[in-house]
Amino acid sequence: MIISIGCDHIVTDKKDHMVKYLEDQGHTVIDNGTYDHVRTHYPIYGKKTADKVVSGEADLGIVICGTGVGISISANKVKGARAALVRDVETARYARAELDANIISFGGRIVGEGLMENIVDVFLETEYEKTEENAKIIEKMNEFGSEEQVNDEEFFDEYLEKWDQGLYHD
């Protein structure tokens, strides 16, 4: 599998650890940087990583910053990217299986290397479980930001009606 990975300067060591871990497992890694601890800005590396995934150059992506929040938001700005900020194995499985997440995000100051390895293993091993409902939800998410959707107060009416009818069972 080809994995695109990027980080900010705060967690370069965590990214380097993950690059080695992935390569040791036989994956090809596209390392988008950063490569040292000189202050930089995470949006650059979130975008670079997401661009590789969305273009098809990489199969999946991993982004890491101090908390994981900023870099996941940055990656999600790339149309077609679905970056999930995770801190546990079950969330990683769910993000991949149900939401077809194509990028996983970590807080390198929050999640330890051993747990990162476990989370990445599950994320990479999990296949998207395409159902009609999952596909519709992803399609709706993909429409976010389109000119037709902006300020469309009725955008989720179909789902709200189904909720009111008791068709969702959590």
Side-chain angles (χ1 to χ4, degrees), residues 1-38 40-131 134-135 137-139 141-145:
M1 189 174 296
I2 301 172
I3 311 298
S4 179
I5 189 167
C7 70
D8 70 1
H9 65 286
I10 296 171
V11 293
T12 304
D13 54 334
K14 302 290 186 178
K15 188 259 309 171
D16 291 344
H17 174 86
M18 289 309 302
V19 168
K20 182 177 180 344
Y21 179 76
L22 291 164
E23 288 175 342
D24 287 351
Q25 290 187 323
H27 298 290
T28 301
V29 179
I30 302 170
D31 185 346
N32 301 294
T34 191
Y35 308 105
D36 54 37
H37 294 283
V38 176
T40 188
H41 300 285
Y42 54 79
I44 297 165
Y45 304 98
K47 181 183 183 322
K48 283 183 175 188
T49 301
D51 283 345
K52 300 280 191 303
V53 173
V54 171
S55 72
E57 190 175 335
D59 300 304
L60 295 170
I62 301 169
V63 291
I64 313 167
C65 70
T67 64
V69 175
I71 203 163
S72 65
I73 291 171
S74 300
N76 277 318
K77 293 294 183 179
V78 175
K79 188 165 179 59
R82 286 180 303 283
L85 173 59
V86 301
R87 293 189 171 106
D88 62 83
V89 170
E90 181 54 27
T91 303
R93 188 208 61 76
Y94 174 82
R96 188 80 192 104
E98 302 287 327
L99 302 175
D100 199 18
N102 51 13
I103 301 169
I104 198 163
S105 177
F106 295 107
R109 287 190 165 175
I110 296 169
V111 179
E113 289 175 350
L115 182 54
M116 273 193 212
E117 292 171 359
N118 292 342
I119 290 169
V120 166
D121 289 346
V122 168
F123 185 73
L124 299 181
E125 294 166 2
T126 301
E127 295 289 326
Y128 170 53
E129 299 168 5
K130 187 173 184 177
T131 65
N134 289 348
I137 289 170
I138 291 167
E139 183 180 330
M141 286 190 290
N142 288 341
E143 292 175 25
F144 289 174

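Remark: I104 CD1 to T91 OG1 distance equals 9.0 Å, nearest 0.5 Å. I119 contributes atom CD1, which lies 11.5 Å from atom CD of E90 (distance to the nearest 0.5 angstrom). Note that CE of M141 is 9.0 Å distant from CG of D100, once rounded to the nearest 0.5 Å. Note that CD of E98 and OG1 of T131 are 6.5 Å apart. Values are rounded to the nearest 0.5 Å. Rounded to the nearest 0.5 angstrom, L22 CG and D121 CG are separated by 8.5 Å. To the nearest 0.5 Å, the span separating CD1 on I2 from OG1 on T28 amounts to 5.5 Å.
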Could you walk me through whether Y45 and T40 pass the side-chain contact (heavy atoms from CB on, under 4.5 Å) check? CA-CA 9 Å; Y45 304 98; T40 188; 3.3 Å; yes

side-chain contact (heavy atoms from CB on, under 4.5 Å) between I138 and R82, worked out: CA-CA 9 Å; I138 291 167; R82 286 180 303 283; 4.2 Å; yes

Does Y94 form a side-chain contact (heavy atoms from CB on, under 4.5 Å) with L99? I'd like the steps, not just the answer. CA-CA 7 Å; Y94 174 82; L99 302 175; 3.6 Å; yes

Could you walk me through whether Q25 and Y21 satisfy the side chain to side chain donor-acceptor pair (under 3.5 Å) test, starting with their C-alpha distance in whole Å, then the side-chain angles of each, then the deciding distance to 0.1 Å, before giving a yes or no? CA-CA 7 Å; Q25 290 187 323; Y21 179 76; 3.1 Å; yes

Under the side-chain contact (heavy atoms from CB on, under 4.5 Å) criterion, do Y128 and N134 qualify, and how do the steps go? CA-CA 10 Å; Y128 170 53; N134 289 348; 3.6 Å; yes

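A pairwise comparison of heavy atoms in V53 and G61 identifies CG2-N, 3.5 Å as the closest pair. Contact detail for K52 and S4: the closest heavy-atom pair is CB-OG, 3.4 Å. Residues L124 and I3 approach most closely at CD2-CD1, 3.6 Å, considering heavy atoms. Taking both residues in full, the closest heavy atoms of T49 and G6 are given as OG1-N, 3.2 Å, listed atom of the first, atom of the second, then distance. Between G107 and M116, the shortest heavy-atom distance links the atoms O-CE, 4.5 Å.
Annotation: side chain of I110 is in contact with side chain of T67 (closest heavy-atom distance under 4.5 Å).
Under the side-chain contact (heavy atoms from CB on, under 4.5 Å) rule, C65 has a single partner from I10, I73, D8, which is D8. Paired with K48 under the rule side-chain contact (heavy atoms from CB on, under 4.5 Å), one option of V78, N32, T34, D31 passes, and it is N32.
For S105, the side-chain contact (heavy atoms from CB on, under 4.5 Å) partners at least two apart in sequence or on another chain are V63, I71, S72, L85. When the side-chain contact (heavy atoms from CB on, under 4.5 Å) test is applied to A101, the partners found at least two apart in sequence or on another chain are A84, A95, F123. Checked against salt bridge (Lys or Arg N to Asp or Glu O under 4.0 Å), D24 has the following partners two or more places apart in sequence or in another chain: K20.
Not a single donor-acceptor pair under 3.5 Å links the side chain of N102 to the backbone N or O of L60. Judged by distance alone, the side chain of R93 and the main-chain N or O of V122 form no donor-acceptor pair under 3.5 Å. A donor-acceptor pair is defined here as one N or O able to donate and one able to accept, closer than 3.5 Å; such a pair exists between the side chain of H37 and the backbone of H9.
The environment of OH in Y42 is sparse: at most 12 heavy-atom neighbours from other residues, nucleotides or ligands sit within 6.0 Å. Shown here is K14, whose NZ atom has more than 12 heavy atoms of other residues, nucleotides or ligands within 6.0 Å. Counting non-hydrogen atoms of neighbouring residues, nucleotides and ligands closer than 6.0 angstrom, the CD atom of E139 reaches no more than 12 such neighbours.
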